[in-house]
Amino acid sequence: MNHSMTRCTWRYCVSGKRVTPGRRARPVSHALACSTGLLVLALGPCLAWPSPVLGQDQLSAGTCSACHLELSDPRLSEPALAHVESVHGSAGLPCAGCHGGDTAAEDERIAHMGMAVPARTRTPEICGRCHSNAEFMKRFNADIRVDQVDRYRTSVHGHLLLEEGDESAATCVDCHGSHKILPPTDEQSSVYPLKIPELCGRCHADPDHMAPYGIPTNQLEEYETSVHWRTASEGGDLSAPVCNDCHGNHGAAPPGYTTVGRVCAECHFQIGQYYAVSPHDTAFARLGLPACATCHENHAIMEGSDEVLGLGDDATCQGAGCHSTDDPGGRAAGVMHALIDSLRTEFEGADSLLLAAEHAGMQVSQAQFELNRARNALVEARAVIHTADLDSIASKIADGRDVAATGRSSGEAAFSELDLRRTGLAISSAVILVLIIGLVLKIRQVDRGTG
């Protein structure tokens, strides 16, 4: 196609093929362009676009993609291809919704009239024309939220961009892309859960970019060592938290020290309830310390361990500079650790004994099933620790130890029965052997008498 001409000479037929004088269209690009054009044609009469976005006459053809897909300059052709493959393109939403212009015009000059690349400061406003319009959005997805722009205005990003005019702040297109926008469930999407840390790290792990704000840039590095990232990336658990699960996405902001506990409790609900009734809740708030992060870190969160509790070298109770052996809290933490350790030791001993009995051929399945109550008590006790209530923890530990003791008794009884069976088998074998020997001697005696 000669773009020095003032008119676009492409023609489309119902089969999806297009013909241009003296040239055969390339199959991939023409199919993409035609599918966009036909989809727009099909959806156009059914949609009443909000007036700030597009006029009804702009829905009649996809001439932007039709021409731009054939351009040799990738700066002009690649955005068109990306748009065709995007959620917007698949819904039949034409380029003019963001860039302006007239998609129905065949005259190139008229089609480009009024077109522009939106300024960064106007990005939330432009995206919000559709995404803040509930009546319009429910035609595509009745469940999609329409408060994204309002939430963005409350975010650190929105304040920097809209209030201070800082164009380095993240806008919609920095996270979602501008042309190839895909739903977050698509693995190729920039906002697919496993891609979120890398996405946020593009700015927050860049020392040059973050230097004006005085913000650390080690968050991504720390997060990638955490149990959260390991659970998501290695375990394939997409419910494991990534950046936006804690900080929010459109309303992104660092949790204040008084809200950290509530953020963590969104997932760790039971532990959040225990912590809320503990003396740490008010003490940490008074000292200006973040709830969960004071003991567990914020980004480099490690898997919980019993060694974190108490006054040992790896314990946070003493390591954080809060407790020592000279204060009641420190002594209580030491007792809690000893209680947890005692139940863990007794459970593991009973479990090992029953497993050995099972391997020896003894029927101990009921005892093993009952021993699970001790395992549950250990898990519950580790959670109850967050109340910092020694009596509650001791009660859970006592229940678990009783069950573990019963399991050990069952294992010992199984081995006693096994010893009894072995003794009986040995005696029976000896008797049988004596009888065989006697029978053999008798047979020989009879043989000599008859000979």
Side-chain angles (χ1 to χ4, degrees), residues 227 260-261 264-265 267-285 287 289-297 301-357 364 366-413:
V227 65
V260 170
C264 297
C267 295
H268 302 281
F269 175 72
Q270 185 65 70
I271 291 176
Q273 287 192 318
Y274 286 145
Y275 176 82
V277 300
S278 76
H280 289 144
D281 186 33
T282 53
F284 283 12
L287 295 171
L289 297 174
C292 309
T294 298
C295 298
H296 296 282
E297 299 288 346
I301 299 173
M302 297 294 100
E303 192 167 2
S305 115
D306 295 337
E307 301 309 313
V308 173
L309 176 66
L311 301 174
D313 294 338
D314 297 326
T316 59
C317 303
Q318 179 174 298
C322 298
H323 294 292
S324 69
T325 55
D326 298 327
D327 67 79
R331 291 192 293 273
V335 173
M336 292 177 194
H337 178 83
L339 288 171
I340 291 287
D341 194 52
S342 68
L343 176 54
R344 179 180 56 79
T345 300
E346 292 191 26
F347 165 75
E348 289 176 353
D351 186 53
S352 178
L353 187 63
L354 289 172
L355 185 61
V364 291
Q366 184 61 34
Q368 289 176 313
F369 176 77
E370 293 295 335
L371 186 63
N372 283 325
R373 291 167 48 208
R375 188 198 306 272
N376 293 339
L378 180 59
V379 172
E380 291 173 8
R382 286 167 173 160
V384 174
I385 284 170
H386 294 86
T387 66
D389 183 349
L390 186 55
D391 291 338
S392 298
I393 296 167
S395 176
K396 287 288 183 186
I397 295 294
D399 292 342
R401 292 182 66 176
D402 287 344
V403 175
T406 300
R408 175 173 286 277
S409 296
S410 298
E412 292 171 347

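The residues of the chain are indexed from 1 along the displayed sequence. Keep in mind that the numbers below use all heavy atoms, side chains included, and drop hydrogens, waters and symmetry copies.
Heavy atoms only, all atoms of each residue included: A381 and I340 are closest at CB-CD1, 3.7 Å. Taking each heavy atom of L343 and A377 in turn, the nearest pair found is CD2-C, 4.1 Å. Nearest heavy atoms, V260 versus A293: CG1-N, 4.2 Å. The shortest non-hydrogen separation linking F284 to P290 is CD2-O, 3.9 Å. For the residue pair A315 and L311, the shortest heavy atom distance occurs at CB-N, 4.0 Å. What you find for S392 and V384 is that their closest heavy atoms are CB-CG1, 3.8 Å.
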Practice item. For side-chain contact (heavy atoms from CB on, under 4.5 Å), just list the numbers for R375 and L378, CA-CA rounded to whole Å, side-chain angles, deciding distance to a tenth of an Å, and then say yes or no. Key: CA-CA 5 Å; R375 188 198 306 272; L378 180 59; 5.7 Å; no

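Rounding to the nearest 0.5 Å gives a distance of 12.0 Å between SG of C295 and CD1 of I301. To the nearest 0.5 Å, atoms OG (S342) and NE2 (H337) are separated by 10.0 Å. Considering NE2 of H268 and SG of C292, their distance stands at 8.0 Å, rounded to 0.5 Å. Taken to the nearest 0.5 Å, the CG atom of N372 stands 7.0 Å off from the CZ atom of F347. Taken from CD1 in I271 to OG1 in T387, the straight-line distance is 11.0 Å, to the nearest 0.5 Å. Atom CD of residue E307 and atom CG of residue D313 lie 10.0 Å apart, to the nearest 0.5 angstrom.
Counting only heavy atoms from C-beta outward, the side chains of R331 and H323 never approach each other to under 4.5 Å. Side chains of I393 and I385 form a contact here, defined as non-hydrogen atoms less than 4.5 Å apart. Residues V364 and L353 fail the side-chain proximity criterion, which asks for heavy atoms closer than 4.5 Å. The shortest distance between side-chain heavy atoms of L309 and C317 falls below 4.5 Å.
Pairs passing the salt bridge (charged side-chain N to carboxylate O under 4.0 Å, His left out) check and including a residue from residues 338-347, sequence neighbours excluded, read D306-R344, D341-R344, R344-E348, E346-R401.
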In residues 405-413, what donor-acceptor pairs under 3.5 Å come from side-chain atoms, sequence neighbours left out?
residue	atom	partner	partner atom	Å
T406	OG1	D402	O	3.0
S409	OG	A405	O	3.1
S410	OG	T406	O	3.1

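Between the H386 side chain and the A383 main chain, a donor and an acceptor come within less than 3.5 Å of each other. The closest donor-acceptor contact from the side chain of S352 to the backbone of G349 lies at 3.5 Å or more, if one exists at all.
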